[in-house]
Engineer: 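I have a structure I would like to understand better, so I am pasting it below and will then ask my questions one at a time.
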Amino acid sequence: MCSWVNWRNVLRAVRARKTTLLRKERIAFLNDFLRGLPREERTIFLLRYFYAFPQKEIAKRMCVPANRVKYVLQKTRKGLRETMMKEGVQ
């Protein structure tokens with residue numbers, strides 16, 4: 001006896017699994033990248049992009065000039081972009 005397979009559901013499940021694996025790989029990649037940063041740069045990056053603090057608030061909390069926060073964010077984004085391109089992460 002042949003069972004009917006809903007291929008649309010099978011494809012949806014395969015895509016979902018692939019998406020989950022890609023998400024886990026990206027998270028692992030980002031964690032590795034962040035571990036390689038100096039503590040100050042990592043903290044500034046996390047406060048801005050994970051906790052959505054404004055740059056001025058980050059500067060105030062970390063007792064650094066606002067220009068330093070802006071510079072660190074630019075430098076870190078550039079480093080992340082270059083590392084992603086080098087490693088082939090999309």
Side-chain angles (χ1 to χ4, degrees):
M1 194 164 168
C2 184
S3 65
W4 184 76
V5 176
N6 185 339
W7 289 107
R8 188 174 285 169
N9 287 339
V10 171
L11 289 174
R12 196 173 293 142
V14 169
R15 284 189 197 119
R17 180 169 168 79
K18 186 175 180 181
T19 301
T20 301
L21 289 173
L22 287 173
R23 185 177 300 134
K24 287 180 180 179
E25 288 173 3
R26 288 180 186 146
I27 290 169
F29 172 82
L30 186 57
N31 282 333
D32 289 343
F33 175 79
L34 291 172
R35 277 189 209 106
L37 292 176
R39 186 180 197 146
E40 178 190 40
E41 293 177 14
R42 181 175 55 244
T43 302
I44 290 172
F45 188 86
L46 289 172
L47 287 173
R48 179 67 183 118
Y49 295 111
F50 285 84
Y51 297 104
F53 278 68
Q55 290 182 17
K56 288 181 181 180
E57 180 67 23
I58 296 168
K60 183 179 173 184
R61 285 178 179 251
M62 296 195 62
C63 300
V64 296
N67 286 340
R68 171 78 181 146
V69 172
K70 184 177 178 179
Y71 169 75
V72 166
L73 290 172
Q74 288 174 343
K75 179 181 157 193
T76 306
R77 283 192 309 265
K78 182 180 178 185
L80 179 58
R81 188 179 314 113
E82 289 173 354
T83 304
M84 288 176 73
M85 289 177 71
K86 186 174 107 179
E87 299 291 327
V89 177
Q90 295 181 0

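Not measured: the values here are computed from a predicted model.
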Engineer: Once side chain to side chain donor-acceptor pair (under 3.5 Å) is applied, do any residues pair with Arg39, and if so which ones, sequence neighbours excluded?
Structural biologist: none
Engineer: Output all residues satisfying side-chain contact (heavy atoms from CB on, under 4.5 Å) with Asn67, sequence neighbours left out; order by chain, then residue number.
Structural biologist: none
Engineer: Could you tell me which non-hydrogen atom of Thr83 sits nearest to which non-hydrogen atom of Phe29, and how far apart they are?
Structural biologist: CG2-CZ, 3.6 Å
Engineer: In chain order, what residues pass the salt bridge (Lys or Arg N to Asp or Glu O under 4.0 Å) check against Glu57, with sequence neighbours excluded?
Structural biologist: Arg61
Engineer: Just to verify, what does Lys75 make a side chain to side chain donor-acceptor pair (under 3.5 Å) with, not counting sequence neighbours?
Structural biologist: Glu41
Engineer: Can you check whether Ile44 reaches Thr76 side chain to side chain, under 4.5 Å on heavy atoms?
Structural biologist: no
Engineer: Salt bridge (charged side-chain N to carboxylate O under 4.0 Å, His left out): which pairs involve residues 62-74, sequence neighbours left out?
Structural biologist: Glu40-Arg68
Engineer: Which pairs pass ring pair (Phe, Tyr, Trp, His ring centres under 6.0 Å) with one or both residues in residues 47-90, sequence neighbours excluded?
Structural biologist: Phe45-Tyr49
Engineer: Taking atom CG of Leu37 and atom CG of Leu46, what is their separation to the nearest 0.5 Å?
Structural biologist: 8.5 Å
Engineer: Apply side-chain contact (heavy atoms from CB on, under 4.5 Å) to Lys56 and list each qualifying residue two or more places apart in sequence or on a separate chain.
Structural biologist: none
Engineer: What's the separation between atom CD in Glu87 and atom CZ in Phe33, rounded to the nearest 0.5 Å?
Structural biologist: 11.5 Å
Engineer: Could you report the tightest heavy-atom contact between Thr43 and Met62, atom names first, then the distance?
Structural biologist: CG2-SD, 3.9 Å
Engineer: Using the side-chain contact (heavy atoms from CB on, under 4.5 Å) rule, take Val64 and Val72 through it: C-alpha gap first, then chi angles, then the decisive distance, then the call.
Structural biologist: CA-CA 11 Å; Val64 296; Val72 166; over 6 Å; no
Engineer: Output all residues satisfying salt bridge (Lys or Arg N to Asp or Glu O under 4.0 Å) with Arg81, sequence neighbours left out; order by chain, then residue number.
Structural biologist: none
